[in-house]
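What you are looking at is a predicted structure, and each value in this text was computed from that prediction instead of being measured.
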Amino acid sequence: MIVYNTTFHVDLDVHDEFIEYMLEKFIPAATKSGLLESPRLAKVFGKEEDDNGISYAMEFVVADIVKLEKWNSEESSDIYAQLLGKFKDKVIGFSTLMQTVEY
């Protein structure tokens, strides 16, 4: 399994709107094709939370790297463009890929 995580730093003045958007628009759009599964939005604790904003991790599980590449090439551009179009410079993020370690 591959874990696809995007960490977002969100300005405080759009915080509530961001949460609502992620739950009602972003997650349904990202999981619509079935390539990304098990969405989880989590607040990041630590120095990421300050007077300027709060950080959130948006996590999905994907079966393998081929499916993730398919999602990235066919779906992600529109989904992230809508997010960035709505929030502009009030939300920034970076993505991380991780492989689940079986033990």
Side-chain angles (χ1 to χ4, degrees):
M1 283 284 166
I2 303 295
V3 177
Y4 176 56
N5 177 84
T6 302
T7 302
F8 295 100
H9 189 75
V10 182
D11 284 8
L12 290 175
D13 61 335
V14 297
H15 169 262
D16 292 338
E17 189 178 0
F18 172 81
I19 297 296
E20 182 179 322
Y21 182 85
M22 294 301 284
L23 296 175
E24 294 179 6
K25 305 283 187 196
F26 187 90
I27 292 172
T31 57
K32 185 176 181 179
S33 69
L35 293 169
L36 299 183
E37 302 174 351
S38 305
R40 180 170 53 183
L41 182 63
K43 182 178 178 182
V44 177
F45 287 113
K47 294 186 184 219
E48 294 79 11
E49 183 175 347
D50 57 31
D51 292 338
N52 298 319
I54 301 172
S55 292
Y56 287 90
M58 181 70 249
E59 183 177 287
F60 297 96
V61 174
V62 61
D64 55 51
I65 201 75
V66 172
K67 288 186 178 180
L68 180 59
E69 288 174 353
K70 180 177 174 63
W71 185 82
N72 274 325
S73 67
E74 296 178 6
E75 300 177 40
S76 68
S77 295
D78 288 340
I79 293 168
Y80 281 109
Q82 290 175 32
L83 173 77
L84 296 175
K86 179 170 184 59
F87 294 104
K88 311 222 181 324
D89 62 348
K90 301 282 187 174
V91 173
I92 57 171
F94 66 92
S95 295
T96 308
L97 299 179
M98 299 168 276
Q99 185 172 19
T100 303
V101 176
E102 301 296 328
Y103 57 94

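- Look at K32 and E75 and you find no salt bridge, because none of the NZ, NE, NH1 or NH2 atoms lies under 4.0 Å from a carboxylate O.
- Closest of all the heavy-atom pairs between F94 and T96 is CE1-OG1, 3.8 Å.
- With hydrophobic clusters built from ILVMFWY side chains whose heavy atoms lie under 4.5 angstrom apart, F8 does not share a cluster with M98.
- The main-chain N or O of V66 is found under 3.5 Å from a side-chain atom of D64 such that the two form a donor-acceptor pair.
- Distance CD/E37 to NZ/K67: 7.0 Å, rounded to 0.5 Å.
- Considering all non-hydrogen atoms of both residues, T31 and L36 come closest at CG2-O, 3.6 Å.
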Practice task
Check the pair Y4 / N72 against side-chain contact (heavy atoms from CB on, under 4.5 Å), numbers first and verdict last.
Solution key: CA-CA 11 Å; Y4 176 56; N72 274 325; 4.0 Å; yes

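- Between F60 and W71, the two ring planes are tilted [angle within 30° to 60°].
- Cluster annotation: V61 is not connected to L68 through the hydrophobic network of ILVMFWY side chains, with a link wherever side-chain heavy atoms come within less than 4.5 Å.
- With ring centers used as reference points, H9 lies 6.0 Å or more from F18.
- Under a hydrophobic clustering in which Ile, Leu, Val, Met, Phe, Trp and Tyr are joined whenever their side-chain heavy atoms come within less than 4.5 Å, directly or via other members, L23 and V10 fall into the same cluster.
- Tested against S95, the residues N5, T7, T6 include a single side-chain hydrogen bond (donor to acceptor under 3.5 Å, both in side chains) partner, T6.
- Under the 4.5 Å side-chain heavy-atom criterion for Ile, Leu, Val, Met, Phe, Trp and Tyr, I79 and I19 are members of the same hydrophobic cluster.
- The closest side-chain heavy-atom distance from L41 to F26 is not below 4.5 Å.
- Under the 4.5 Å side-chain contact rule for hydrophobic residues, M1 and M58 do not share a cluster.
- To the nearest 0.5 Å, atoms NZ (K70) and OG (S33) are separated by 8.0 Å.
- Contact of the L12 side chain with the I54 side chain is registered, since non-hydrogen atoms from C-beta on lie closer than 4.5 Å.
- Using a 4.5 Å heavy-atom threshold, the side chains of L83 and M22 count as touching.
- The shortest non-hydrogen separation linking V62 to L35 is CG2-O, 3.3 Å.
- In this structure, K25 NZ and K86 NZ are separated by 8.5 Å, a value rounded to the nearest 0.5 Å.
- Note on ring orientation: taking the six-membered ring where Trp is involved, the planes of F87 and Y21 are perpendicular (angle over 60°, cut-offs 30° and 60°).
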